[in-house]
Amino acid sequence: MSQKIASARISAESSELLKELNNSLPFDRELYREDIRGSRAHARMLAQQGIISAEDFAAIDEGLKRVLEEIESGAFSLDGEDEDIHMAVERRLTELVGDAGKRLHTARSRNDQVAVDFRMYVLRKNEEISALLEALIESLLHKARQHSETLLPGMTHLQHAQPINLGYHLLAYASMFRRDWERFTESAERNRLSPLGCAALAGTPHPVDRRATSEALGFREPTLNCLDTVSDRDFALEILFNIATMMMHISRFSEELILWSSSEFSFVRLSDKHATGSSIMPQKKNPDIPELLRGKTGRAYGNLMSLLTVMKGLPLAYNKDTQEDKEGVFDSVRTAELSLRVLREMIDEMTVNEEAMEAACRRGHLAATDLADWLVREQGWPFRDAYHLVGKVVNYAEELGKDISELEERELAQVDPRLAEAQNLLDNRLCMNARRSEGGTATERTLEQIDKMQKWLLSVRSEG
Ligand code: ARG
């Protein structure tokens, strides 16, 4: 019987069921790059501090490079029986370089090892997701610029409310995705602290240099307190929360695309690439892609709840429960990356039906608020009186089977003679362009918002 590499006290071979429950290699192999990178930095530091010899370091460093190559070429398969990625890499290293490999784990525990690996992974994913968000925002800005004059009924309660333009609507989503970007970036900044050197829970008597490994691995500095660090998974919770919130935004957008591509709205046509047919109804073209994006939001929420629940009862410090931190994060990350790519492609390739959007603006009396505003502004009416008079105008228009924007002078005068001169104000485009207050929908304001967002995008890209 082979001696278990990670147990000095346990003699019996593990039960098959224990292995199935305990082994994390089937999923934490996702961390192989980070594990090897962390180990190389650790070994270098050990040599610099005189904890291992220069020869041992050279052997370990060469060996770890080989292990990496073997994993990437498939020569070393991570399908084996090793307990986790850390043990798999150490075992292969020791096979390759012999005794030097056995010195790698000096002044280290798998507790700080997994903490540093997972943190590096999460920090990398924060950046990759942020880059995908930048690309998505860029696409939205491009479309928004094309449609800063395309009329669209702005809604509240899913009822026609006031005329806006499509560019403005798309900018609302760009704004959400920018907040998401900020959250990923802030979270990465907050968590750019290195766990390495914390060892099992309380530090180590070896003269390690945590600042050296921290710097080598791209962290700002070492974490403050080892006891906290080995069981801290806030960085993982943060990316899960940030993904959940981002998926909520993606889901809201998807919901609108689903509505907009229905025959009731016909505001957009999704590219055939992003729609599927029905197995029974030959005429159907279904918006499966936005439906799936909306649906996948569920698992992103679930992964967040699941890790919050794993963490809630843990006494200090490391407990094996935290091994349950990874699969949900991997799943959320995969979901987020795919969703961002798909959403971007869908936006780039959808066709906008400007006539349908504009025609929809002639239903639902979108100009009603504008008429009341005119009475207030030009006639000095108290707003509440104006509001009630416009209510009468709307009722009258309904009787005539017209939209308020279609009423003629004499029809307006029927309700109140003073309204006749307001007739030319009830054009939806005029109403849209009248909303010139800061952050408003007027085309000039929309373009200003696009410019600001574009400037922001350029600035973060040049920093990155
Ligand atoms: N696979 C483990 C995890 O993901 C690594 C840490 C194991 N540490 C321990 N003390 N058993 O958490």
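Hydrogens, waters and symmetry mates play no part in the numbers below; they use all other heavy atoms, side chains included. Numbers here are sequence positions counted from 1. Remember, it's 1-based here, ligands and their atoms both numbered in the order they're listed. Here the structure is a predicted model, which is why all the values come from computation and not from measurement.
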* For atom 6 (C) of ligand 1, which protein heavy atom lies nearest, and how many Å away is it? -> Tyr318 OH, 3.4 Å
* To do: Indicate yes or no: does an N/O atom of Ser24 lie under 3.5 Å from an N/O atom of ligand 1?
  => yes
* Asked: Among all protein non-hydrogen atoms, which one is nearest to atom 1 (N) of ligand 1, and what is the separation to 0.1 Å?
  -> Gln323 OE1, 2.7 Å
* Contacting atoms of ligand 1, where contact means under 4.0 angstrom from a heavy atom of Asp84 -> 1 (N), 2 (C), 5 (C)
* To do: Check step by step if side chain to side chain donor-acceptor pair (under 3.5 Å) holds for Asn353 and Ser266.
  => CA-CA 7 Å; Asn353 185 345; Ser266 300; 5.5 Å; no
* **Element-labelled atoms of ligand 1 that are located less than 4.0 Å from some non-hydrogen atom of Lys326** => 3 (C), 4 (O), 12 (O)
* Structure fact -> If you compare Asn111, Thr322, Asp28 by their heavy atoms, the one closest to atom 8 (N) of ligand 1 turns out to be Asn111
* Near Arg92 CZ, under 6.0 Å, is it more than 12 heavy atoms from other residues, nucleotides or ligands? -> yes
* Specify whether Tyr173 and His169 have parallel, tilted or perpendicular ring planes, treating 30° as the upper limit for parallel and 60° as the lower limit for perpendicular. => tilted
* Is Glu149 atom CD crowded by more than 12 heavy atoms from other residues, nucleotides or ligands, each under 6.0 Å away? -> no
* Counting heavy atoms not belonging to Glu215, are there more than 12 under 6.0 Å from its CD? -> no
